[in-house]
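All values below come from the heavy atoms of this structure, side chains included, with hydrogens, waters and symmetry mates left out.
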Amino acid sequence: MEQKLRVGILGATGMVGQRFISLLEDHPWFEVVTVAASPRSAGKTYEEAVGDRWKMEMPMPEKVKSLTVLNVNEVEAVASTVDFVFSAVDMTKEEIRAIEEEYAKTETPVVSNNSAHRWTPDVPMVVPEINSDHFEVIESQRKRLGTTRGFIAVKPNCSIQSYAPCLAAWKEFGPTEVAATTYQAISGAGKTFKDWPEMEGNVIPYIGGEEEKSEQEPLRVLGSVKDGQIVKAELPKITCQCIRVPVLNGHTAAVFINFEKKPAKEQLIEKLVNYRGFPQEADLPSAPKQFIRYLDEENRPQVTLDVDFEKGMGISIGRLREDTMFDYKFIGLSHNTVRGAAGGAVLCAEALTAKGYIKAK
């Protein structure tokens, strides 16, 4: 790419916004030129606005420290400075839906980490390796919004990334039923142990709204485009429990699965390790070389050993074995704030750029 696209980050001071900042440092296609946040942060430098709340392991990039934070509600002013935006705003769902559409109507593409538009029928919700073909509904969305280049695209919930890719890889075997329990890191709530000391040595068996997302969102990802809308898949039927555990980064899933066709274990593993999608075919900058890997060791995947596989963009699967009630069971692991949040959104933006949906203004 001859000239980098100008990027804005909405909600830049929060944890996901910070992850965007970190991931986009030295990105070959994108350059962060604008940071926007709530009115209380507006007018400060990014370094001043974040203060001691920088949550990333890497230092704050020098390039963004002196950027003046804009008021995210001043849509025209923010949009005039960028080619597209990433959205990680902390608002109510109604407010998020409204403000993301406002940005899209300024002819500014919005790639969102938020859940507000995940069930808007003409908004694609994409894991790029699985369903990048869903981007074609953008044409219908633009007609609804009255735009020529503006649109909204979203990525799905972080908790499904550790098992939904398997369902895509095993599609030909006809998954019919899935029972999953996800053990979710505290960074999924935007927290560190410093912020949430009561999570040390603790388990909380409830995360608001998470189980519904975990049961339904994979079906939309596995669905199809019909008449300018996404129609969710009918199978597999999914039931899920979501538990908060004392881990900083990394969502682990314990999954049981039934198939219409009974595959051999070797067939299932072969489909996992050879699964590729558009990001690998197009050699996108953030694409993992290997999307899904299988680990033979009985005690893998583990968060401490495996969460950073492919710089946090790969999925690790292990302990695949036959079950006494279901056909098979397995363990999955994904990085919730990289693949499951900002990194997944960056990969979506790269796919949208490669397919011609995002261009310089």
Side-chain angles (χ1 to χ4, degrees), residues 4-27 30-75 77-92 95-96 99-100 103 108 110-116 155 158 185-200 247-250 286 307-308 311-313 335-346 349:
K4 292 185 180 183
L5 294 172
R6 300 168 302 156
V7 176
I9 300 174
L10 313 181
T13 57
M15 178 176 271
V16 176
Q18 293 176 25
R19 182 67 74 180
F20 276 122
I21 295 284
S22 300
L23 292 174
L24 292 170
E25 185 181 24
D26 300 322
H27 192 281
F30 307 146
E31 181 177 2
V32 177
V33 298
T34 298
V35 289
S38 66
R40 66 179 177 272
S41 296
K44 300 176 182 178
T45 66
Y46 184 72
E47 186 175 29
E48 290 169 344
V50 173
D52 63 357
R53 295 180 295 109
W54 181 255
K55 300 177 187 293
M56 300 297 105
E57 292 179 3
M58 65 171 284
M60 183 183 293
E62 292 295 327
K63 291 179 183 177
V64 302
K65 284 183 177 180
S66 60
L67 289 178
T68 300
V69 179
L70 302 185
N71 183 344
V72 73
N73 298 313
E74 295 177 358
V75 175
V78 175
S80 67
T81 66
V82 299
D83 295 312
F84 76 98
V85 296
F86 289 109
S87 176
V89 291
D90 183 13
M91 300 176 176
T92 67
E95 291 170 332
I96 292 170
I99 200 167
E100 289 183 348
Y103 274 93
T108 304
V110 177
V111 182
S112 180
N113 183 71
N114 297 305
S115 64
K155 50 148 289 297
C158 54
I186 64 172
S187 57
K191 305 282 189 181
T192 65
F193 286 109
K194 179 182 176 182
D195 307 322
W196 204 358
E198 60 268 35
M199 270 307 301
E200 294 190 25
V247 166
L248 179 59
N249 294 311
S286 298
V307 75
D308 292 319
K311 298 180 180 178
M313 290 297 287
H335 196 306
N336 56 294
T337 67
V338 181
R339 166 58 73 164
V346 170

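Across all their heavy atoms, Val33 and Thr81 have their closest contact at CG2-O, 3.6 Å. Scanning all heavy atoms of the two residues, the minimum distance from Ser22 to Trp54 falls at OG-CZ2, 3.7 Å. Shown here for Ser41 and Ala37, the closest heavy-atom pair between the two residues is CB-CB, 4.0 Å. Among all heavy-atom pairs drawn from Asn113 and Ala342, the shortest one is OD1-N, 4.0 Å. The two atoms that bring Ser187 and Asn249 nearest to each other are OG-OD1, 2.8 Å, heavy atoms only. The shortest heavy-atom contact between Ala345 and Val111 is O-CG1, 3.5 Å.
Taking the side chain as every heavy atom from C-beta outward, Met313 and Val346 never approach each other to under 4.5 Å. Inter-residue side-chain proximity for Glu47 and Met60 is flagged as met; some heavy-atom pair is nearer than 4.5 Å. Side-chain contact between Leu24 and Ile9 is present, with heavy atoms from C-beta onward closer than 4.5 Å. A heavy-atom distance below 4.5 Å is not found between the side chains of Glu25 and Val64. In this structure, Met56 and Arg19 have side chains that are in contact, with non-hydrogen atoms separated by less than 4.5 Å. No side-chain heavy atom of Phe20 sits less than 4.5 Å from a side-chain heavy atom of Val7. Side chains of Thr13 and Arg53 form a contact here, defined as non-hydrogen atoms less than 4.5 Å apart. Residues Lys63 and Asp26 have side chains in contact (heavy-atom distance under 4.5 Å, counting atoms from C-beta outward).
The OG1 atom of Thr45 lies 10.0 Å from the NZ atom of Lys65; values are rounded to the nearest 0.5 Å. Atom OG of Ser87 is separated from atom CD1 of Ile99 by 8.0 Å, given to the nearest 0.5 angstrom. Rounded to the nearest 0.5 angstrom, Asn114 CG and Leu10 CG are separated by 9.0 Å. Here Phe30 contributes atom CZ and Ser286 contributes atom OG; the two are 8.0 Å apart, rounded to the nearest 0.5 Å. Glu57 CD to Thr192 OG1: the interatomic distance, rounded to the nearest 0.5 Å, is 11.5 Å. Atom CG of Leu5 sits about 9.5 Å away from atom NE2 of His27, to the nearest 0.5 Å.
Taking the charged nitrogens against the carboxylate oxygens, Asp83 and Lys4 have no contact shorter than 4.0 Å, which rules out a salt bridge.
More than 12 heavy atoms of other residues, nucleotides or ligands lie within 6.0 Å of CD in Glu198, so this atom counts as buried by the packing criterion. Enclosure of atom CG in Asp308 by more than 12 non-hydrogen atoms of other residues, nucleotides or ligands within 6.0 angstrom is indicated.
Under the 3.5 Å distance criterion, the side-chain polar atoms of Lys55 are left unmatched by any main-chain donor or acceptor of Lys191.
The aromatic rings of Phe84 and Phe86 sit perpendicular, their planes meeting at an angle over 60°, well past the 30° parallel limit.
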